Every structure is written in C-alpha cells, then in structure tokens.
Amino acid sequence: MLHNRRLILAHFWLAFAVFAAALLLGAWQMYVRSPLSPWISNPEWYYRSLTAHGTVMGYVFPTLVAMAFGYAISETSLKQNLVGLRWAWAGFWLIAVGAVVAMIPVALGLASVLYTFYPPLIGSPFYYIGVVMVVLGSWIWVALMSINLRIWKKENPGTPVPLPMFANVAGSYLWAWTAVGAALELLLQIIPVALGFKSTIDAGLARVFFSWTLHAIVYFWLMPTYIAYYTIVPRAIGGRIYSDTMARISFILFLVVAMPIGIHHAFADPQVGAGFKFLHSVFTALVALPTLLTVFTICASVEIAARARGGRGAFGWMGALPWRNPMMLAVTFSFVMLGFGGAGGLINMSYQLDTTIHNTQWITGHFHLIFGGAIVIMYFAIAYDLWPHLTGRPIASLGLVRLQLWLWFVGMIVTTFPWHYVGILGMPRRMSFFDYTDPALANEAVSVVLSAVGGVILAASGILFIFILISTQFSQPRQIEDYRFALAVHPPTRVPVALNSYGLWIALMIGLTVTNYGYPILQLAARDDTSVPAVYVGER
C-alpha cells in the first residue's frame with residue numbers, strides 16, 4: 001500500500017519536468033551542430049545548453065527517479081509506513097532548490113563548464129554549491145532507506161529482506177560512496193578557487209577525484225532499471241523471477257566492482273601511472289559479470305512467463321510472449337540497447353582500443369545508448385507501472401504507451417549509431433561547430449543529419465510520455481489493486497547472511513576503492529608543482 005503518494009509523485013513530476021527541458025536542449029544541440037542549421041555565431045550558447053543538459057540528466061533527473069522509486073519500494077515491499085517523512089520532504093526541496101541555484105549561473109553564462117566541471121575551468125561558485133545541495137538532498141534519501149530497513153529487520157529477525165528493498169538499499173549505498181569523489185573534488189579543489197580563496201588548481205588531482213564518481217555513477221543510474229528488470233518485468237508479463245539468489249548476487253557485484261574502475265576514463269591523462277590504468281581496466285571488465293548474470297536471469301524469467309502461456313520448443317516459446325504488453329516492449333528495447341552499448345563499453349575499457357575513439361563522438365554515442373537508451377526507457381516503464389497506483393487512475397492509453405516506447409527506441413538508435421560511426425572517423429565530441437563544406441568533413445554530414453533527426457524523434461517521444469502521464473492524472477478514477485512486486489519461482493524462506501546484509505560488501509567496496517585510488521591521490525596531493533592558474537568562465 002502506498003501511503004505517501006504525494007511525496008513519490010512530487011519526486012517523479014520534478015524528475016520528468018527537468019528531463020523534458022533537458023531533452024529539448026539536447027535536440028537543439030544536435031540540430032545546431034548539423035548541416036541543417038546555420039552557424040549560431042556564438043558558441044557560448046551551445047556550451048550553456050550542454051552544461052544544463054548534462055547537469056540535469058546526470059545529477060538531477062536520475063537521482064529524483066531513484067528516490068521516488070526507492071520510497072515506493074520501501075513502503076510496498078516492507079509493508080510499513082515510511083519513517084522520516086519530514087526528512088524525505090527536506091531532501092526533495094534541497095534538490096529542487098539546489099537545481100535552481102545551479103542552473104541560474106549556467107543560464108547567465110557564468111558556469112559553462114559541463115557537468116564534468118573541466119578544471120582548470122572555473123565557473124560561478126553558485127553552480128557548484130547547487131550541485132552539492134543536490135547531492136546532500138540525495139544523501140538524506142540514502143539515510144532514510146537504511147533506517148527504514150533497519151527498523152524492518154528488527155521487527156522481522158531472520159526473515160529475508162525483500163529483493164526490491166535489498167537491491168534498493170544496495171543502490172543507495174553505491175550512490176553514497178560514489179558521490180564522495182565528486183564531493184572531494186568540489187570541496188577541496190574547485191569551490192575554494194571559485195570563491196577566490198585560491199587562484200590555482202591541481203587539474204590532474206581534480207580529474208582523478210572526479211573519475212571516482214564518473215563511471216560508478218552510471219551504475220547508480222542503472223540500479224532502478226535493474227530493479228525493474230528483476231521485480232517488475234516478470235510480474236507484469238505473467239511470470240516469476242528465475243532465481244532470487246542470482247538477483248542478490250548481481251546487486252552485490254555492482255556494489256563491489258562498480259567503484260574502483262573510473263581511471264579508465266583517464267587513459268590519456270599523464271598524471272596516473274600505467275599500472276593503475278591497467279588495474280582499472282581489469283576491474284572495468286569485471287563489471288560486465290552482474291550484467292551477464294542479469295541478462296541470463298531475466299531471459300530465463302521471461303521464458304517462464306512464455307511457457308506458462310503455452311509456449312513450446314527451444315525458441316517457439318518466444319512467440320507466446322505478450323508482445324503488446326508495454327513492459328515486454330520496454331525490457332526488449334532496453335536489452336537491445338544495453339547489448340550494443342555494453343559492446344561499445346568493452347572498447348572504451350581497453351587501453352589499446354580506447355586510443356582510437358578517445359574523446360570522439362563514439363563516447364557520446366556509447367553513454368547515450370546506455371543511459372538515454374537502456375536506462376531511461378525502463379524509467380518510463382517504472383512510471384507507467386506505478387502511475388495507476390499513485391493516482392488511482394488507469395493509464396490513459398496503452399496504444400500511446402506502445403507508440404511512445406517505439407519512438408524512443410527508434411530515436412535512440414537513429415541518434416547514437418551515427419555518432420559511433422563518425423567517432424570512428426575521428427569526429428571530436430563537445431564541439432559547437434563543424435564546417436561540412438570542408439572535404440575532410442563532407443562525408444560525415446549525412447550521419448550528423450541522421451543523428452539530428454533522431455533527436456527530433458526522441459523529443460517527440462518525450463513530449464508524448466509527459467502527455468500520457470498528464471492524461472492519466474486527469475482521467476476518471478478507478479479502483480486499483482494494491483501494488484506488488486514479482487515473486488521468485490522458489491521464494492526464499494532463509495538466505496545466507498552474506499546475501500541478506502551489506503557489511504562485508506561495503507567493506508570490500510571501500511577497500512577496493514582505497515586500493516585502486518589511494519596511491520594516485522596521495523602521490524598527486526604530495527606534489528607542489530602540479531597546480532595551474534584557474535581559467536574563469538564568464539564575466540567576473
């Protein structure tokens with residue numbers, strides 16, 4: 001039973017409102033960089049838009065979705081009222097205000113530093129303070145998830161933690177530790193310079209701090225998607241989870257191996273030695289394990305549903321799947337994009353292969369295919385699944401839902417595949433203008449136009465998504481049954497302590513992070529000859 005619908009809806013609506021704004025900015029960016037648009041004459045407008053788009057999509061939107069879904073999971077899976085409601089609202093408003101504080105200097109041209117901050121570029125201190133407020137608001141959610149689980153465990157000693165809550169709390173712990181890297185960069189490196197206390201910055205050390213956050217944050221974005229894979233999809237299509245144990249192991253693996261891998265984003269940086277780059281490359285390869293386990297488990301869960309519907313044969317059961325069910329469409333599209341995006345990730349994590357596509361449009365295509373594709377389409381599915389229970393009204397039109405999901409899938413493929421191609425050709429990313437009359441670039445013009453068309457399709461899909469939610473919100477109320485998550489084929493009555501708690505895994509997460517980051521950070525911090533003058537953005 002969902003008791004705090006207003007809290008959950010507030011998080012979702014703010015998430016989808018800022019998502020819609022950032023989506024339109026992204027579509028505009030693709031248009032103005034394409035041969036379809038005349039040169040905008042001032043690149044500053046492009047970089048303001050890029051900073052706003054990245055900041056909202058990277059920090060604000062997925063955080064609010066994770067929090068909304070997390071509160072829903074806590075209430076429904078634990079079957080207890082949320083403890084700390086006032087603190088939950090405080091976290092929400094801290095994020096809302098922080099987002100505004102960050103976006104005002106971006107809109108004024110005082111913080112065009114992109115969401116990765118790019119030191120020694122230094123923007124308005126209010127931009128960084130706003131981002132810190134967003135992180136602090138999310139940490140309130142982390143604390144509340146832990147507190148609510150602890151209360152439940154005291155009242156249910158020896159009982160297995162429900163899988164959705166086990167995964168939810170694992171995701172919150174991953175985020176709490178992931179965000180520490182960016183927090184250290186902001187508090188120790190960037191904000192003192194932005195406030196005028198220093199005029200130089202160690203850009204190499206700052207980048208190492210940010211790499212702590214840079215890749216692990218992707219797995220925080222992934223957590224709601226993977227929770228939906230395991231605990232919503234099987235129930236929605238009439239099946240069961242193939243293995244509760246395998247699901248728990250997958251989330252534990254994310255908690256352990258998702259953190260110490262970020263330096264693979266700094267292969268081209270001279271500040272970090274080759275040994276640590278190799279170590280992070282190896283751990284990046286290991287993070288494929290929970291994804292492979294998940295693909296196997298969910299495919300098996302889907303097969304169970306198909307055979308329950310009369311499916312037969314080695315592959316004939318696939319025809320028995322409910323392909324008109326929006327959840328079936330969403331998970332299929334998500335897996336396809338996850339497969340292509342994950343394959344691209346294997347290129348990125350290889351030191352040798354990465355040199356061929358480093359800082360090109362390939363990178364943009366890769367992470368948009370993972371985040372904007374595989375992850376966000378499941379955010380849509382989560383919203384569609386929860387909306388009737390939050391509003392007391394059925395989804396306005398399943399036909400429109402299917403159309404919206406198809407548009408998003410097609411739009412993301414049309415957008416990202418050309419980016420991969422031009423990246424192989426060497427087109428750099430984060431450039432505001434290309435002269436396609438130059439013979440060296442002329443053969444890339446068609447691909448760039450295709451990606452811009454994909455951006456229009458994505459914008460149309462996003463607008464349709466918002467329309468469906470609004471239509472549902474104002475449709476006729478109807479009696480809606482209680483919300484529930486999928487059950488396992490063999491629901492566990494007891495699970496090992498290691499699969500029902502986090503102490504061992506948090507220790508490993510912290511230990512591996514310290515091992516993989518400790519020496520590079522201490523080595524750079526001990527040097528006094530690596531700082532460079534800050535480059536201030538905008539008029540000061």
Side-chain angles (χ1 to χ4, degrees), residues 1-19 57 59-82 84-85 88-89 91-92 95 134 137-146 148-149 161-176 178 217-236 247 250-251 254-255 294 326-327 330-331 334 371 374-391 395 465 469 472 482-486:
M1 182 69 177
L2 291 169
H3 298 283
N4 294 293
R5 296 184 182 91
R6 287 183 59 203
L7 173 71
I8 299 168
L9 277 171
H11 282 77
F12 271 133
W13 269 124
L14 181 58
F16 295 134
V18 298
F19 161 77
M57 291 298 201
Y59 300 129
V60 183
F61 167 55
T63 301
L64 287 166
V65 170
M67 292 170 70
F69 194 30
Y71 289 133
I73 289 170
S74 179
E75 285 199 4
T76 53
S77 66
L78 300 184
K79 295 181 172 58
Q80 67 182 26
N81 288 338
L82 181 70
L85 182 59
W89 277 111
F92 169 79
I95 291 175
V134 170
S138 71
W139 280 352
I140 292 176
W141 166 74
V142 172
L144 289 178
M145 293 301 93
S146 183
N148 278 269
L149 179 59
V161 176
L163 177 61
M165 192 62 178
F166 182 81
N168 178 44
V169 175
S172 73
Y173 289 156
L174 173 63
W175 169 240
T178 295
I217 196 175
V218 174
Y219 299 101
F220 166 62
W221 299 340
L222 271 172
M223 280 298 188
T225 291
Y226 275 60
I227 295 171
Y229 286 163
Y230 281 105
T231 67
I232 293 180
V233 171
R235 182 261 299 156
S250 296
F251 288 109
F254 276 127
L255 194 62
T294 296
M327 192 62 67
V331 72
S334 182
F371 175 64
I375 294 174
V376 170
I377 203 167
M378 290 307 295
Y379 287 3
F380 296 151
I382 290 167
Y384 289 139
D385 199 59
L386 277 171
W387 223 250
H389 303 273
L390 295 171
T391 63
I395 293 295
F465 171 69
L469 295 188
T472 300
D482 288 346
Y483 192 76
R484 62 184 181 87
F485 291 100

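Values below: every heavy atom of this structure, side chains too, minus hydrogens, waters and symmetry copies. Bear in mind that the values here come from a model prediction, so they are computed numbers and not experimental data.
- Closest of all the heavy-atom pairs between Trp139 and Ala176 is NE1-CA, 3.5 Å.
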**Prompt:** Does the pair Trp141 and Ser172 meet the rule for a side-chain hydrogen bond (donor to acceptor under 3.5 Å, both in side chains), with working shown?
**Reply:** CA-CA 8 Å; Trp141 166 74; Ser172 73; over 6 Å; no
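- Taking the side chain as every heavy atom from C-beta outward, Phe485 and Ile73 approach each other to under 4.5 Å.
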**Request:** Kindly determine whether Leu7 and Leu82 satisfy side chain to side chain contact (heavy atoms under 4.5 Å, CB included), including the steps that lead there.
**Result:** CA-CA 11 Å; Leu7 173 71; Leu82 181 70; 3.7 Å; yes
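- Here the closest non-hydrogen pair linking Ile377 and Ser334 is CG2-CB, 3.7 Å.
- Separation of atoms CG (Leu255) and OH (Tyr173) is listed at 9.5 Å; rounding is to 0.5 Å.
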**Request:** Take Arg235 and Asp385 through the test side chain to side chain contact (heavy atoms under 4.5 Å, CB included) and record every step on the way to the result.
**Result:** CA-CA 11 Å; Arg235 182 261 299 156; Asp385 199 59; 2.6 Å; yes
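- Residues passing the ring pair (Phe, Tyr, Trp, His ring centres under 6.0 Å) test with Tyr230 are Phe251, sequence neighbours excluded.
- Annotation: the span from Ile227 atom CD1 to Phe166 atom CZ amounts to 11.0 Å, rounded to 0.5 Å.
- Here Phe371 pairs with Trp221 under the ring pair (Phe, Tyr, Trp, His ring centres under 6.0 Å) rule; sequence neighbours left out.
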**Message:** Before you tell me yes or no, could you show the steps for Phe19 and Leu64 under side chain to side chain contact (heavy atoms under 4.5 Å, CB included), namely the whole-Å CA-CA distance, both residues' side-chain angles and the distance that decides it to 0.1 Å?
**Reply:** CA-CA 10 Å; Phe19 161 77; Leu64 287 166; over 6 Å; no
**Request:** Please assess Ile382 against Phe12 for the test side chain to side chain contact (heavy atoms under 4.5 Å, CB included), listing each intermediate value before the final yes or no.
**Result:** CA-CA 10 Å; Ile382 290 167; Phe12 271 133; 4.2 Å; yes
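- Using a 4.5 Å cut-off on side-chain heavy atoms (C-beta onward), Val65 and His11 make no contact.
- Cation-pi check for Arg6 over Tyr71 is not met; the charged atom does not lie both under 6.0 angstrom from the ring centroid and within 45 degrees of its normal.
- Residues Tyr59 and Ser138 have side chains that never bring a donor and an acceptor to within less than 3.5 angstrom of each other.
- Residues Tyr384 and Trp387 place their aromatic rings such that the two centres sit no closer than 6.0 Å.
- Interatomic distance, Ile8 CD1 to Leu390 CG, rounded to the nearest 0.5 Å: 5.5 Å.
- Closest of all the heavy-atom pairs between Ala10 and Phe92 is O-CE1, 3.4 Å.
- With hydrogens and angles disregarded, no donor-acceptor distance shorter than 3.5 Å links the side chain of Ser74 to the backbone of Gly70.
- Rounded to the nearest 0.5 angstrom, Met223 CE and Ile375 CD1 are separated by 11.0 Å.
- Considering OG1 of Thr231 and CG of Leu163, their distance stands at 6.5 Å, rounded to 0.5 Å.
- With Asn168 contributing its side chain and Pro164 its backbone, the two residues share no donor-acceptor pair below 3.5 Å.
- Counting heavy atoms from C-beta outward, Pro162 and Leu78 have side chains that approach closer than 4.5 Å.
- Taking the six-membered ring where tryptophan is involved, the planes of Tyr379 and Phe61 are perpendicular, since the angle between them exceeds 60° and thus also 30°.
- Rounding to the nearest 0.5 angstrom, the gap separating the CG atom in Leu144 from the CG atom in Leu149 is 12.5 Å.
- You'll find the side chain of Met67 reaches within 4.5 Å of the side chain of Ile95, heavy atoms only.
- Between Tyr483 and Ile232, the closest side-chain pair of non-hydrogen atoms falls below 4.5 Å.
- When every heavy atom of Leu174 is checked against every heavy atom of Phe220, the shortest pair comes out as CD2-N, 3.9 Å.
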**Item:** Step-by-step salt bridge (charged side-chain N to carboxylate O under 4.0 Å, His left out) determination, Lys79 to Asp482
**Value:** CA-CA 11 Å; Lys79 295 181 172 58; Asp482 288 346; over 6 Å; no
**Request:** May I have the step-by-step check of side-chain hydrogen bond (donor to acceptor under 3.5 Å, both in side chains) for Asn4 and Glu75, ending in yes or no?
**Result:** CA-CA 8 Å; Asn4 294 293; Glu75 285 199 4; 2.3 Å; yes
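- At a threshold of 4.5 Å between non-hydrogen side-chain atoms, the residues Met145 and Met165 count as touching.
- Checked against a 6.0 Å centroid threshold, the rings of Tyr219 and Tyr226 do not count as neighbours.
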